[in-house]
Amino acid sequence: PGVLEYSIETLPDFGVLQDPNTGQMITEPNTELAGYGNKVIYVPNPGYTGSDYFTFTANDGGILPQGGVSNLATISIDVTTVIYAENMDSDPNIYWDFDPGEGDSCWAWGTPTGGGGQYCNPDPTSGYTGVNVIGYNLNGDYRLGISETEWATLGPIDCSQFRDIKLCFYRWTNIYEKPYDYADIEISIGNSWNQICDNFRMTDSCWVLKEIDISEYADGQSSVYIRWGIGPTNGSYSLSGWNIDDVELRGVAVEPCDTPGDFEPDCDVDMIDLGYLMDHWLDSGCDDTAGDPSDWCFGADLNRDGTVNLADLGILACHWLETQNQ
């Protein structure tokens, strides 16, 4: 056998496949790809986010068991939504905040000049897309002896209706390794910061795509902050530092939870929801004149009788520790 023939055996449920060799949509199962091709283009249905899959086989033209049709293989697809995207073409200062530095040695938005690189690679001369980036010292190397971390902070970003969230961005970064120079990425959803990436020696001479799974912290959260840091640095070597472009947060949209008593909502009824009910305990005069159930004492009057009392606690108790799949 000289070549492999690929056949799409089952089609995806929530999208369509296209054979790039012909430009035609694949509308029937058991369809061989034209020209011994081994690639397809998947396009999700409009508005769909979530999981999807299709299956295929390959055939080398031989005879089983040494050759012939392969086992059935599955391609799993995770269709995500862009929660936040910034390509740096325009000043992103609405969502970004920069710590002050000294002179040119600071965080800034603009066009990098290709400077620096005395001990490693210089900065780029443009972004990955367009001309602008967010970078540390767009004119050259970071300074020696930075005493405390200086941050470029993104946020807040509302991720409350998403799961499986990832941070994606392109970097052109040159940093000496720890413990001499530090470059970290951290995330916060409250009053504390958690490290999601720390540096080994980064020596980029081109744009590199970086993808970080932040679902542990960001899923379902309404106020997410992410920050890129540089420093402290020592007094020996300085490199060209951070350049960041095309920053995205992507996730899978979730359906709203509708379990009675799930006030958060996080699709389960637990102590946090009980605490919310207690915060409105014996509130009275609840009204829904606007026609919104949440107007009934901020949603705590579950039976809508005008008062938050034992009847509402009973409804919550009926759903205690009930979990609803998202």
Side-chain angles (χ1 to χ4, degrees), residues 47 49-50 80-85 93-97 99 151 153-167 185-196 212-227 229 247-326:
T49 62
T80 59
T81 297
V82 176
I83 306 167
Y84 167 87
N93 60 8
I94 295 176
Y95 285 99
W96 290 78
D97 181 66
D99 286 349
W151 302 98
T153 304
L154 165 65
I157 305 299
D158 184 0
C159 299
S160 59
Q161 300 302 314
F162 299 91
R163 61 173 173 85
D164 300 333
I165 299 172
K166 291 180 174 60
L167 167 66
I185 305 175
E186 296 183 344
I187 187 170
S188 174
I189 57 171
N191 297 322
S192 62
W193 289 91
N194 297 279
Q195 188 180 82
I196 55 176
I212 303 174
D213 185 344
I214 58 174
S215 58
E216 175 184 355
Y217 305 101
D219 283 9
Q221 300 297 322
S222 60
S223 186
V224 176
Y225 291 85
I226 299 170
R227 63 184 185 180
V247 178
E248 291 186 353
L249 269 68
R250 304 183 66 91
V252 177
V254 298
E255 295 296 326
C257 307
D258 57 5
T259 303
D262 181 24
F263 300 114
E264 244 177 316
D266 61 353
C267 295
D268 62 11
V269 179
D270 54 19
M271 289 297 296
I272 295 176
D273 303 298
L274 178 60
Y276 182 89
L277 186 74
M278 292 299 100
D279 287 341
H280 296 282
W281 187 249
L282 298 184
D283 282 1
S284 60
C286 309
D287 185 21
D288 73 336
T289 53
D292 184 351
S294 66
D295 292 337
W296 290 84
C297 290
F298 305 97
D301 183 15
L302 294 174
N303 69 344
R304 300 174 67 169
D305 65 354
T307 304
V308 180
N309 53 25
L310 285 172
D312 304 296
L313 179 60
I315 294 173
L316 184 144
C318 286
H319 298 280
W320 183 246
L321 298 185
E322 182 175 314
T323 300
Q324 175 182 331
N325 293 328
Q326 299 185 57

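All heavy atoms count here, side chains included; hydrogens, waters and symmetry mates do not. Because the structure is a prediction, the values reported are computed rather than measured.
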Is there a side-chain contact between [X] and [Y], using heavy atoms and a 4.5 Å cut-off?
X	Y	result
Y95	I157	yes
Y225	T153	yes
D164	D213	no
L249	C159	yes

To the nearest 0.5 Å, tell me how far [X] [atom1] sits from [Y] [atom2].
X	Y	atom1	atom2	answer
K166	I214	NZ	CD1	10.0 Å
I187	I226	CD1	CD1	4.5 Å
L302	F263	CG	CZ	4.0 Å
L167	I83	CG	CD1	10.5 Å
R227	Q195	CZ	CD	10.5 Å

Pairs under 3.5 angstrom only: tabulate donor-acceptor contacts from the side chains of residues 313-321 to other protein residues two or more places apart or in another chain.
{"from": "H319", "atom 1": "ND1", "to": "E322", "atom 2": "OE1", "distance (Å)": "2.9"}

Ignoring hydrogens and geometry beyond distance, is a side-chain donor-acceptor pair present between S160 and D158 at under 3.5 Å?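 There is such a pair (donor and acceptor under 3.5 Å, judged by atom type) between the side chains of S160 and D158.
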Could you tell me if T80 and R250 have a donor-acceptor pair between their side chains, going purely by distance under 3.5 Å?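 Yes, because at least one side-chain N or O of R250 sits under 3.5 Å from a partner of the opposite role on T80.
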Please lay out, stage by stage, how Y217 and N194 fare under the test side-chain contact (heavy atoms from CB on, under 4.5 Å). CA-CA 9 Å; Y217 305 101; N194 297 279; 3.5 Å; yes
Do [X] side-chain atoms and [Y] backbone N/O form a donor-acceptor pair below 3.5 Å?
X	Y	value
D262	T259	no
T307	N309	no
S188	S192	yes
D301	G306	yes

Looking only at non-hydrogen atoms, find the nearest pair between [X] and [Y] and report the distance.
X	Y	value
V308	D312	CA-OD2, 3.2 Å
A218	I165	O-CD1, 3.6 Å
D270	D268	OD2-OD1, 3.2 Å
N303	A311	ND2-CB, 3.5 Å

Set of residues satisfying side chain to side chain donor-acceptor pair (under 3.5 Å) with respect to T81, sequence neighbours excluded: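 Per chain and number, T81 pairs via side chain to side chain donor-acceptor pair (under 3.5 Å) with no residue.
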Can you classify the ring geometry of W151 versus W193 as parallel (below 30°), tilted (30 to 60°) or perpendicular (above 60°)?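 Parallel, since the angle between the ring planes stays under 30°.
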Donor-acceptor pairs under 3.5 Å, side chain of residues 275-285 to any protein atom, not counting sequence neighbours: which ones?
{"from": "Y276", "atom 1": "OH", "to": "F298", "atom 2": "O", "distance (Å)": "2.6"}
{"from": "H280", "atom 1": "ND1", "to": "D283", "atom 2": "OD2", "distance (Å)": "3.0"}

